[in-house]
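One-based numbering, in listed order, for ligands and for the atoms of each. Hydrogens, waters and symmetry mates play no part in the numbers below; they use all other heavy atoms, side chains included.
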Amino acid sequence: MKIERAYTIVTSPGRNFVTLKIVTDQGVYGIGDATLNGREMAVVAYLEEHVIPMLIGRDPHRIEDIWHYLYRGAYWRRGPVTMSAIAAVDIALWDIKAKLAGMPLYQLLGGKSRERVMVYGHATGRDIEACLDEVARHVDEGYKAVRVQAGVPGIASIYGVAKKEGERYEPADSDLPAEHVWSTSKYLNHVPKLFAAVRERFGDDLHVLHDVHHRLTPIEAARLGKEVEPYNLFWLEDCVPAENQEAFGLIRQHTTTPLAVGEVFNSLFDAKTLIENQWIDYIRATLTHAGGITHVRRIADLAGLYHVRTGFHGPTDLSPVCLGAAIHFDTWVPNFGIQEYMPHTSATDDVFPHDYHFEDGHFIVGENPGHGVDIDEDLTKQYPYKRASLPVNRLEDGTLWHW
Ligand SMILES: O=C(O)C(=O)C[C@H](O)[C@H](O)CO
Ligand SMILES: [Mg+2]
């Protein structure tokens, strides 16, 4: 069997997605997600110019060999563009292999470790009251875990909070980056009050999570972790930028609040020191940005040795192809923690028909051969690509800060 054709499909049913389709000479095809939010066309160019020509004629069964050919063979290793392109190939090849085997993907990974996959939803509000109402809506819908992000008095626009109540938030909402203003002191004074209010209204059983989105220094993160300890967070996410992995060692000395990191990681080496030192509790590296199933299973296996569990990134800027493959991975992986879930728009769901479904706060994996997600290529044509950028963040004095 040979790979006969491969091509990218760029579509924007509410937001941009990049999909790679690989077609074999026997007509079986697989699809992979290559969406890198705000940098979509860089991955398309990498795939079309540097990857697809090398795939033609290769045996699609040889996933491992193709992975190393694209990784080692490029000489220029790692980086989000390269690793998203490799991931798209990898996810599409696993899709093909599972279709050929006539099995859902989780069976090829090793079978079910659980019947269902717990997810966390996103509650956001301009203030604490509005945010609590959104938490209540999620609880009513069956969620067992909710990420809670509220507006902060004195900060006009804050990460993770939708512009209108009840809407999804979409960070890549302008042609060129919007500029946000950030105040660490206002934020740090506010967050403990938010979680005190959450526990007061919802009691102890609900799992609650919070994303700091890389905004703090290590000692500020340590303070926040300590101050929210009474509210028993499931995790505190991305409390500092993680290029300096040792920063987490400092935070860990001060707080027992569980720490999650890794949505911007693209390699095992981004996570190695964090995992081996047991400085984190959840690893968020996701299939689309970290080299696909072949590489992320190595990250998960290393993590398992150190009691670190998975908590895959799952925003709307990863396509249903990534989510579908992730649900198979989550169903198999022994050290599963939780899966992020932001529902896609109905237009996106129409473009990407899928067999996973949400039920009582969990995803249930589908049983179709492959990863269970397809693409309606005719429909994609109705939604042309539109450039969209993530915002940048400045301190009140104008200094460019982390977004
Ligand atoms: O889902 C999360 O935890 C995020 O932080 C979402 C990111 O801001 C988003 O995926 C950036 O593209
Ligand atoms: Mg995040």
Salt bridge (Lys or Arg N to Asp or Glu O under 4.0 Å) assessment of Lys144 paired with Asp360: CA-CA 8 Å; Lys144 313 294 177 228; Asp360 193 30; 2.9 Å; yes

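- Every N/O-N/O distance between His122 and ligand 1 stays at or above 3.5 Å.
- Among the atoms of Arg284, some N or O lies under 3.5 angstrom from an N or O of ligand 1.
- The Mg ion (ligand 2) has Asp211 OD2, Glu237 OE2, Glu263 OE1 as its protein N, O or S neighbours under 2.8 Å.
- The distance from ligand 1 to the heavy atoms of Glu237 drops below 4.0 Å at these ligand atoms: 3 (O).
- Classified by interplanar angle (parallel below 30°, tilted 30° to 60°, perpendicular above 60°), the ring pair Phe329/Trp332 is perpendicular.
- Near Pro315, the atoms of ligand 1 lying under 4.0 angstrom from a non-hydrogen atom of the residue are 1 (O), 10 (O).
- Given atom 1 (O) of ligand 1, the protein heavy atom at minimum distance is Glu340 OE2, 2.5 Å.
- Within the structure, ligand 1 lacks Tyr341 among the residues with a heavy atom less than 4.0 angstrom away.
- Within 6.0 Å of CZ in Arg199 there are more than 12 heavy atoms belonging to other residues, nucleotides or ligands.
- Protein heavy atom in closest approach to atom 12 (O) of ligand 1: Asn37 ND2, 2.8 Å.
- Distance check: Ser84 OG to Tyr46 OH gives 10.5 Å after rounding to the nearest 0.5 Å.
- Phe234 and Tyr120 have their aromatic ring centers separated by at least 6.0 angstrom.
- The proximity of Glu263 to ligand 1, defined as any non-hydrogen pair under 4.0 Å, is limited to the side chain.
- Of the protein's heavy atoms, His213 NE2, 2.9 Å lies nearest to atom 8 (O) of ligand 1.
- Checked by distance only, ligand 1 and Tyr120 stay at 3.5 Å or farther apart across all their nitrogen or oxygen atoms.
- Taking the centre and axis of the six-membered ring of Trp235, the NZ or CZ atom of Arg309 falls outside the cone set by 45° and 6.0 Å.
- Residue contacts with ligand 1, taken as heavy atom pairs separated by less than 4.0 Å, involve Trp403 solely via side-chain atoms from C-beta onward.
- Regarding atom 5 (O) of ligand 1, its nearest protein heavy-atom neighbour is Tyr159 OH, 2.5 Å.
- With respect to atom 9 (C) of ligand 1, the closest heavy atom belonging to the protein is Asp317 OD2, 3.3 Å.
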